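Model, not experiment: these values are computed from the prediction. Note that ligands are numbered from 1 as they come in the structure, with each ligand's atoms numbered from 1 the same way. Heavy atoms only: backbone and side chains are in, while hydrogens, waters and symmetry mates are out.
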Amino acid sequence: MALIEGFRVQNYRSLRDITLGKLSGQQAGDPLTPLTVVIGKNGVGKSTLFDAFGFVSDCLNSDVEAACDMKQRGGLERMLSRESSGSIRFEIYYREAQGERPITYELSIGQDSSGRPYVESEMLKQRRKGQKHGRPFPFLRLDHGKGTVWAGEEAVEIAGEEDKTQEAVELTDLRQLGIATLGTLKEHPRIKRFRDFLKGWYLSYFHPDAARSLPSAGPQKHLNIHGDNIGNVVQFLEREHSDRFRLILNRIASKIPGVKKIDTKVTDDKRVLLRFNDGAFDDPFFAQQMSDGTLKVFAYLLMMEDPDPPPFICIEEPENGLYHKLLESLAREFRSHATGKKGAPQLFVTTHQPYFVDALTPQEVWVLEKGKDGYSSLRRAADIELVQNMVNQGLPLGGLWYSDYLDAR
Ligand SMILES: Nc1ncnc2c1ncn2[C@@H]1O[C@H](COP(=O)(O)OP(=O)(O)OP(=O)(O)O)[C@@H](O)[C@H]1O
Ligand SMILES: [Mg+2]
């Protein structure tokens, strides 16, 4: 499975320069874990970090200008860190699978003379086969839409032969990412794989009301960002995985307090209705009558049961609307799916909730703080010696956070 080992954000709102995990040029840090959780007080930049992933994904799926205007981002001017003159920059350090050589993607988004955002530069690079140390070699390098790309799977693998596979490229649209265009071409399989990985990212903006809508029939493979196609996803599972379908619903039902059984009913006009039986009444309730928290847990658990899950899933504050005792088990549930094994998703979660954090290790948890200068800084809980020692002695991490051991003193 693909794993993001590190992510650096520069000049994105309060994130003037923060790094999560390990990068090509910062090898000292440990890589991100398959489950990564960011905690912190109000206003420290959790949503901003969540949205930094969302922004990169939106840049690929539409274009950088549209992405700046989406999701209340309010345009590039507002997104650039205050009092900072640089461009917005991202660096993603990732492996396509365990044992593969890491790949670095660098993206820089600037403002042209008329104030419009454009793709200033982009780079994809990787070390040569067998090369353990030293400089990685680019296989895509673009600056203001112009640059060089090295075609083929084996491009730049052999020292001295780079020129043979090198091609000059010039893009016509500076609002589109180069990987969006070049990643559709057969001669660039490595760019295509990276583009496909980024395309597969899933950011959950789950909305219980949306999930109550009655979707028209038609199976759909994955839950969409607002979760209003839960019924369609259930239908997909029923059709494609009929053998496992009952088992999955039973398993989910056993994990939601107060729910005894979940099943589906198809209406005459072929819509799929989800039915929840709480054991107290003979007749089941439909999704429209279920509580926000129940629907939310159902959506998360369904997402975790996806036989072909997205490679990277971001969830913001899963605790909202959930009973506190459910949170520790939800965190364990997330962990049991983000195993780091082939086909398993990587999960990135932001939270306020100590109960959720109780189930986590200090390696998995990052603390965001805001300095006096108004910018965010980030620390891994495992790097706070006292915290690591107390966890080693059996104290739960969320409790330590609650008692202020994770805050800067
Ligand atoms: N362009 C900018 N430059 C610097 N800081 C900014 C910029 N735009 C917004 N901010 C600041 O970024 C901070 C981070 O907000 P964010 O919504 O990410 O916090 P949060 O950790 O999600 O908080 P909450 O827990 O309340 O949801 C805000 O306090 C805001 O003042
Ligand atoms: Mg927030």
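- Every atom of ligand 1 is numbered from 1 in the order shown, and the set under 4.0 Å from a heavy atom of Arg78 is 1 (N).
- Under 2.8 Å from the Mg ion (ligand 2) lies an N/O/S atom of Ser47, whether from backbone or side chain.
- With Phe137 as the aromatic partner, Arg135 meets the cation-pi criteria of under 6.0 angstrom to the ring centre and within 45 degrees of the ring axis.
- Nearest to atom 28 (C) of ligand 1 among the protein's heavy atoms is Lys370 NZ, 3.6 Å.
- The protein heavy-atom contact nearest to atom 23 (O) of ligand 1 is Gly43 N, 2.7 Å.
- Nearest to atom 25 (O) of ligand 1 by heavy-atom distance, out of Glu316, Arg13, His352, is His352.
- Among all protein heavy atoms, the one lying closest to atom 18 (O) of ligand 1 is Thr48 OG1, 2.4 Å.
- Between Tyr94 and Phe194, the ring centre distance stays below 6.0 Å.
- Taking a 6.0 Å sphere around CD of Glu100, one finds it holds more than 12 heavy atoms contributed by other residues, nucleotides or ligands.
- When Glu83, Glu317, Arg82 are ranked by how near their heavy atoms come to atom 3 (N) of ligand 1, first place goes to Arg82.
- Among Thr350, Leu20, Val44, the single residue meeting the side-chain contact (heavy atoms from CB on, under 4.5 Å) criterion with Leu49 is Leu20.
- At a 4.0 Å heavy-atom cut-off, ligand 1 touches Leu80 through the backbone alone.
- At least one heavy atom of Gly45 sits closer than 4.0 Å to an atom of ligand 1.
- Panel note: side chain Arg95, backbone Arg101; no donor-acceptor pair is recorded below 3.5 Å.
- In this structure, the side chain of Asp358 engages the main chain of Gly398 through a donor-acceptor pair within 3.5 Å.
- In this structure, atom 26 (O) of ligand 1 lies nearest to the protein heavy atom Asn42 ND2, 2.9 Å.
- When only interatomic distances are considered, the shortest N/O to N/O separation between Gly374 and ligand 1 does not fall below 3.5 Å.
- Scanning the protein heavy atoms around atom 6 (C) of ligand 1, the nearest turns out to be Ser14 N, 3.7 Å.
- Side-chain N or O atoms of Asn229 include one that pairs as donor or acceptor with a backbone N or O of His222 at under 3.5 Å.
- Residue-ligand proximity: Arg16 is placed with every non-hydrogen atom at 4.0 Å or more from ligand 1.
- Tyr118 does not carry Arg175 over the face of its six-membered ring by the limits of under 6.0 Å from the centre and within 45° of the normal.
- No donor-acceptor pair under 3.5 Å is formed between the side chain of Arg332 and the backbone N or O of Leu360.
- Protein heavy atom in closest approach to atom 17 (O) of ligand 1: Ser47 CB, 3.7 Å.
- For Phe276 and Phe298, the ring centers are positioned less than 6.0 Å apart.
- Each of the following atoms of ligand 1 lies closer than 4.0 Å to a heavy atom of Lys46: 18 (O), 19 (O), 20 (P), 21 (O), 22 (O), 23 (O), 24 (P), 25 (O).
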